[in-house]
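To start, the structure under review is shown below, and the notes come after it.
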Protein chains: 2
Amino acid sequence: MAEIPERLVTKPSFLITQLAVHARRIVSDGFAEAGARGYHYRILAALDEFGPASQIDLGRRGGVDRSDVVAAVNELTAQGYVERTPDPDDRRRNVVSLTKAGARQLRRMDQVLDAVQDNLLAPLDSDERATLTALLTRLLAHSRDLPDGPQQ
Amino acid sequence: MAEIPERLVTKPSFLITQLAVHARRIVSDGFAEAGARGYHYRILAALDEFGPASQIDLGRRGGVDRSDVVAAVNELTAQGYVERTPDPDDRRRNVVSLTKAGARQLRRMDQVLDAVQDNLLAPLDSDERATLTALLTRLLAHSRDLPDGPQQ
DNA sequence: CTCTTTTCATTGGTCGCACCAACGTTGGCT
DNA sequence: AGCCAACGTTGGTGCGACCAATGAAAAGAG
């Protein structure tokens, strides 16, 4: 029982959004144990890979709206994972930088995510995983160079 | 510019959730023009394929929480797309059934979704689309028989 | 045939993500 | 000097996905 209508199950858009629900659930369960959420990871990752940045750049790199960056940076600051200082060269900006504790938190979150990938992709062998990743990457790239939506 | 951190772009969980954002956006843009949203489609689809049902069954089939079914059926009733009548055989239940206008609305929404699939999958040829669908279907099935989450 | 447990609809919340508009300050451009 | 664009911030919105609690009704246990 609980049969899912054909109409839904045959639509890639449905498969993707439903699988995303599952992915989001296990990711945020893991993150919650570390006292974090998705936006935090995106910001920490951007800081780690590109160095200190303004909030607007952090938002662009992680696909986070600038108003949401404000809230996330507030939270990360309160937890001691990032520091926010005024930019002396441009007083409209803040410079956000990663602390040592922030780098450790990022490593913790990376471990959570590694476990999540294994859980999520369990039924696939490594060739299939590569195929899936390649297909998704192409689709995501395509979606990004459409002016079809805000994409923030 | 706006380079995305490696950490994100290599994680299938990120690819899936981000692609889902895009899918959701174009779907709900299309549905909005028809005065509808995602839950409405799931309920109309379940009614069309399995016939009149109680609200709890509608929720199970479409993966919608029963409290959300209440709201969606309220809206669909107000629009004249479904009818809600008490079940004479079990007075705890309502029987929800599709009206003719509801069937027409479902057809409209199907057209929206067909266009969405083409948009979403534009970069893939038909073999690749089939491969993707098969992989996603397997992953979704796997996620469903885990007691790892509420799954509704 | 009671008593208890389960089921269903409904109400009224919560949370995360993805947005949007508006405002004040600051920088750049001319 | 004047104007426009950029940045941070506040304060919203909508959707999807949940959760807890309540009252009514059915089902099961004894």
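Just so we're on the same page: letters track the sequence lines, and every chain starts at 1. Model, not experiment: these values are computed from the prediction.
- Here the nucleotide nearest the side chain of B/Gln55, chosen from C/dC17, C/dA9, D/dC18, is C/dA9.
- Computed from coordinates, the B/Asn94 CG to D/dA24 P distance equals 15 Å when rounded to whole Å.
- Judged by distance alone, the side chain of A/Arg129 and the main-chain N or O of A/Leu121 form a donor-acceptor pair under 3.5 Å.
- Here the side chain of B/Gln79 pairs a donor or acceptor atom with the backbone of B/Gly35 at under 3.5 angstrom.
- Mapped onto DNA chain C by nearest heavy atom, B/Val70 and A/Ser28 fall at different nucleotides, with B/Val70 at the one closer to the 5' end.
- Under the 3.5 Å distance criterion, the side-chain polar atoms of A/Arg66 are left unmatched by any main-chain donor or acceptor of A/Ile56.
- If you measure from atom CD1 of B/Ile26 to atom C1' of C/dA18, you get 15 Å, rounded to the nearest angstrom.
- To the nearest angstrom, C1' of C/dC17 lies 19 Å from NE2 of A/His22.
- What separates CZ of A/Phe14 from C1' of D/dC15 is a distance of 16 Å, to the nearest Å.
- Comparing C/dA18, C/dC8, D/dA17 against the side chain of B/Ile56 picks out C/dC8 as the nearest.
- The side chain of B/Arg25 places no N or O atom within less than 4.0 Å of a non-bridging phosphate oxygen (OP1 or OP2) of C/dA18.
- When the nucleotides D/dG16, C/dA18, C/dA9 are ranked by their closest atom to the side chain of B/Arg37, D/dG16 comes out on top.
- Phosphate proximity of D/dC7 to A/Arg60: present, with a side-chain N or O under 4.0 Å from OP1 or OP2.
- A donor-acceptor contact shorter than 3.5 Å is absent between the side chain of B/Gln55 and the backbone of B/Asn94.
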Between N or O atoms, less than 3.5 Å apart, protein on one side and nucleotides 25-30 of chain C on the other: list the pairs.
residue, atom, partner, partner atom, Å
C/dG27, OP1, A/Arg91, N, 2.8

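- Both A/Gln18 and A/Asn74 sit near DNA chain D, but only A/Asn74 has its closest nucleotide nearer the 5' end.
- Between the side chain of A/Gln105 and the backbone N or O of A/Ala34 there is at least one donor-acceptor pair closer than 3.5 Å.
- Nucleotides of DNA chain C nearest to B/Arg93 and B/Thr17 differ in position, and the one nearer the 5' end is that of B/Arg93.
- A side-chain donor-acceptor contact under 3.5 Å links A/Asp65 to the backbone of A/Ser67.
- Distance from the side chain of B/Tyr39 is smallest to D/dG16 among D/dG8, D/dG16, C/dC17.
- Rounded to whole Å, the distance from CG on B/Asp29 to P on C/dC20 is 11 Å.
- Under the salt bridge (Lys or Arg N to Asp or Glu O under 4.0 Å) criterion, A/Arg84 pairs with no residue, sequence neighbours left out.
- Atom C1' of nucleotide C/dA18 and atom CZ of A/Arg66 are separated by 15 Å, given to the nearest angstrom.
- The phosphate of C/dT10 (OP1 or OP2) has a side-chain N or O of B/Arg84 nearer than 4.0 angstrom.
- Here the nucleotide nearest the side chain of B/Val21, chosen from D/dA17, C/dA18, C/dA9, is C/dA18.
- Note: OH (A/Tyr41) to P (C/dC17) measures 14 Å, nearest angstrom.
- No donor-acceptor contact under 3.5 Å links the side chain of A/Asp65 to the base of C/dC17.
- A/Thr99 places a side-chain N or O within 3.5 Å of a backbone atom of A/Tyr81 that can act as its donor or acceptor partner.
- The CZ-P distance, from B/Arg24 to D/dT13, rounds to 20 Å in whole Å.
- Evaluation of atom-type donor-acceptor distances gives a pair under 3.5 Å for the side chain of B/Ser67 against the base of C/dG12.
- Listed nucleotides C/dT10, D/dC7, C/dA18 differ in distance to A/Asp68; the shortest reach to its side chain belongs to C/dA18.
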